[in-house]
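One structure is given below, encoded as structure tokens.
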Amino acid sequence: MVVSLRSWVANEGGKHFILMLWLAANTWLFLRTFLLYSTGQQYHYLYKMLGLGLCISRASASVLNLNCSLVLLPMCRSLLTFVRGSHTVWSRKTRRLLDKSKTFHVACGVTICIFSVVHVSAHLVNVMNFSVSYSDDFPALNFARYRGEDPKLIILTTIPGVTGVLLVLILFLMFTSSSYCVRVSNYEIFWYTHNLFIVFYVILMVHMVGGALKYQTNIEAHPPGCLRANQSNTERHDEELDQGEDEERRCREEAHFQPHYPQTWLWVSGPLCLYCAERFYRYMRSSDPVTVVTVIRHPCDVIELRMLKTNFTARPGQYILLNCPGVSSFENHPFTLTTCPTENKKTFGVHLRVVGDWTERFTRLLLPQPRADIEILPMVQQRRYPKLYVDGPFGSPSEEVFNYDVSLCVAGGIGVTPFACVLRALLDGWAGFRLQRLYFVWVCRELQSFYWFAELLCALHHKLWQENRPDFFNLKLYVSRTDSLQSMNEEKYRPLTSRLLVGRPRWKLLFDEIGKTNEHKRVGVFCCGPRGISRTLHRLCNSTRSSGTIFEFNKESFS
């Protein structure tokens, strides 16, 4: 497949432009700081003592300051949701850039880890140079207490050294627990270690209090390299200079040094205060428990949860964070809304698949197994649901489905949840959208999975036929597992039976068909499913189309 320039610009241009700006800012900060410490007169004596280790340590520190401030902004979910939904963001391209917030957060995190290694390595060299190159001429400039002091002793007995060790330890735990394998196998480890960022920022604020690196404050009275009172004239190479010139080169006073005023808080305090304010707002908003209305068990280990909460509003495609203290007091798990509150119905709902420890324990609390030793009549038995808190809703790429003339929604298994709310909004007659045609492709391993939303799909099909709009909704269902395959024999599911195909979709043919039907249009492609499907769709969206149709790729990803 040949990459189309127009398609590539539509899908990749914006994020690569932001990436180049971010890289340029990091590069400029690094070079500017490096040159300042290597050529600045106030650092002349310090540079002579430490060499390149000084320049590299300070340049990497500038990059760390920038990224430690930026890494918090993509995690301000409520702020991003407000910006996305407000009228201040008119451009669809700008809203799509907001969907890359998680990617930008990861990029800043990786940059922090890389430059932390550079920063620590350079400071290890600096500590050795402080010990070996101990200055007898300028005692105030030394960080070591005497010549030849053990570098390990310097690190473990000073504020910058101890805090540096703690920062490296915390960062190592956060980085290793953020790997994909750890998050999938044990999400709790990722959750608890990632919240160490609070301790990380507290320690970061006091990291520079020790004042390891100092600069000269009296350059005019003591120009770097001038002849001090205790320095003989024979040290100079030119012995023929007259007495007047010799006096001009002599120092008027001794060099004075002082540590830099800590600057990290100037970088970090703003984003940190913004993030803390947002977390406080979210805590207050989610402090009241929700009322669980109904719990329904669906095939293939899927649970539908209907809830009610005062003053809760949401848009189709958004997601919430669920917290169940009966399972874990601090864990919050994201779930896409499959039912949004409307004027006629205030309840909202989610579908969750029972995969992993948290969902298994949560399901046991929602649907406890009946005890054999207790006999209670079903009409008398009262179900007591666990206490549940909801944080959100938050924005997601699926909100943009209605903002295209033509949209293609591709779901893999339980990845159908972002689009279920979209389909329900169409069924409820949600007004004010631009959408003129919707292609919906749902791929499942088992036939029973389609029963999760079979009634919704049939109801939408009947409604569009009654309104004489059969071309509005194009539905394709694929079941990939052919063993023990059965058909949906129920009469009420007949509209789905004719659209049920066995095997995997032929994506290129599907894109060619949509492109020919919608020539010279922009088609929004929305994907929520396995990586294999999303990568294939992403590659197809960037390929050349003879029809001139532009496919804009949007991937659902919880941040």
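Residue indices begin at 1 and follow the sequence shown.
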Verdict with reasoning, C68 to L204, per side chain to side chain contact (heavy atoms under 4.5 Å, CB included): CA-CA 10 Å; C68 284; L204 186 64; 4.1 Å; yes
Working for ring-ring contact (aromatic ring centres under 6.0 Å, His included), residues Y439 and F526: CA-CA 10 Å; Y439 295 87; F526 300 85; over 10 Å; no
Intermediate values then yes/no, side chain to side chain contact (heavy atoms under 4.5 Å, CB included), L66 and N26: CA-CA 8 Å; L66 173 64; N26 282 279; 3.8 Å; yes
CA sep, side-chain torsions, deciding dist, call: E552, Y404, side-chain hydrogen bond (donor to acceptor under 3.5 Å, both in side chains): CA-CA 10 Å; E552 294 187 353; Y404 288 89; 2.6 Å; yes
Derivation of the salt bridge (charged side-chain N to carboxylate O under 4.0 Å, His left out) call for R96 and E400: CA-CA 8 Å; R96 291 178 67 217; E400 295 296 316; over 6 Å; no
Residues L496, L477; criterion side chain to side chain contact (heavy atoms under 4.5 Å, CB included); working and verdict: CA-CA 8 Å; L496 305 185; L477 306 177; 4.1 Å; yes
Evaluation steps, side chain to side chain contact (heavy atoms under 4.5 Å, CB included), between T336 and C421: CA-CA 9 Å; T336 308; C421 202; 5.9 Å; no
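For the atom pair CG (N554) and SG (C409), the distance works out to 9.5 Å, reported to the nearest 0.5 Å. Note: F440 CZ to S407 OG = 12.5 Å, rounded to the nearest 0.5 Å. Between atom NZ of residue K346 and atom CZ of residue F312 there is a gap of 12.0 Å, rounded to the nearest 0.5 Å. Of the inter-residue distances, the one linking I414 atom CD1 with S449 atom OG reads 8.0 Å to the nearest 0.5 angstrom. Expressed to the nearest 0.5 Å, how far NZ of K309 lies from CG of D288 amounts to 7.0 Å. Atoms CD and CG, from E304 and L366 in turn, are 12.0 Å apart once rounded to the nearest 0.5 Å.
Side-chain contact check for R297 versus L367: some heavy-atom pair is nearer than 4.5 Å. No side-chain heavy atom of P341 sits under 4.5 Å from any side-chain heavy atom of T347. At a threshold of 4.5 Å between non-hydrogen side-chain atoms, the residues C444 and V479 do not count as touching. Taking the side chain as every heavy atom from C-beta outward, P299 and W452 approach each other to under 4.5 Å. Here the side chains of Y389 and P325 are in contact, with some heavy-atom distance below 4.5 Å. Side-chain contact between L337 and I320 is present, with at least one heavy-atom pair separated by less than 4.5 Å. Side-chain contact between L456 and L427 is present, with heavy atoms from C-beta onward closer than 4.5 Å. Here the side chains of L274 and L79 are in contact, with some heavy-atom distance below 4.5 Å.
Between F197 and Y275, the distance separating the two ring centers is shorter than 6.0 angstrom. Aromatic ring centroids of Y478 and W442 lie 6.0 Å or more apart. The aromatic ring centroids of H16 and W22 lie 6.0 Å or more from each other. Taking the six-membered ring for Trp, W507 and F511 have ring centres at least 6.0 Å apart.
The two atoms that bring S398 and G317 nearest to each other are CB-CA, 3.9 Å, heavy atoms only. Nearest heavy-atom pair, A425 versus F402, reported as atom, atom and distance to 0.1 Å: CB-CZ, 4.0 Å. Closest of all the heavy-atom pairs between G395 and E399 is CA-OE2, 2.9 Å. Nearest approach of T313 to P393, heavy atoms of both residues: O-CG, 3.2 Å. A pairwise comparison of heavy atoms in T193 and S177 identifies OG1-OG, 2.5 Å as the closest pair.
When each of V292, V293, V290 is paired with Y385, the side-chain contact (heavy atoms from CB on, under 4.5 Å) condition holds for V292 and for no other. Checked against L438 for a side-chain contact (heavy atoms from CB on, under 4.5 Å), the options V406, L460, L423, L408 give a single hit: L423.
Classification of R353 and D301 as a salt-bridged pair fails, no side-chain N sitting under 4.0 Å from a carboxylate O. D512 and K508 are joined by a salt bridge, as a carboxylate oxygen and a charged side-chain nitrogen come within less than 4.0 angstrom of each other. In summary, K15 and E12 engage in a salt bridge, as defined by a charged side-chain N under 4.0 Å from a carboxylate O. Between D391 and R282 there is a salt bridge, since at least one side-chain N of the basic residue sits less than 4.0 Å from a carboxylate O of the acidic one. Contact check on D405 versus R522 returns no salt bridge, with no Lys/Arg side-chain nitrogen under 4.0 Å from an Asp/Glu carboxylate oxygen.
The environment of OH in Y192 is crowded: more than 12 heavy-atom neighbours from other residues, nucleotides or ligands sit within 6.0 Å. More than 12 heavy atoms of other residues, nucleotides or ligands lie within 6.0 Å of CD in E360, so this atom counts as buried by the packing criterion.
No side-chain donor-acceptor contact under 3.5 Å links Y201 to the backbone of V268. Although no hydrogens or angles enter the test, the distance criterion places a donor-acceptor pair under 3.5 Å between the side chain of N323 and the main chain of S329. Under the 3.5 Å distance criterion, the side-chain polar atoms of S480 are left unmatched by any main-chain donor or acceptor of R504. Here the side chain of H105 pairs no donor or acceptor atom with the backbone of P74 at under 3.5 angstrom. The backbone N or O of G349 lies less than 3.5 Å from a partner atom in the side chain of T338, making a donor-acceptor pair. Side-chain atoms of Q466 do not come within 3.5 Å of backbone N or O of K463 as any donor-acceptor pair.
Using cut-offs of 30° and 60° on the angle between ring planes, the pair Y319 and F394 is tilted. A tilted orientation is assigned to the rings of H351 and F453, their planes being inclined by 30° to 60°.
R183 forms no cation-pi arrangement with Y180, by the criterion of a distance under 6.0 Å to the ring centre and an angle within 45° of the ring axis.
Shown here are the salt bridge (Lys or Arg N to Asp or Glu O under 4.0 Å) partners of R506, two or more places apart in sequence or in another chain: there are none.
H194 and S178 share a side-chain donor-acceptor pair at under 3.5 Å.
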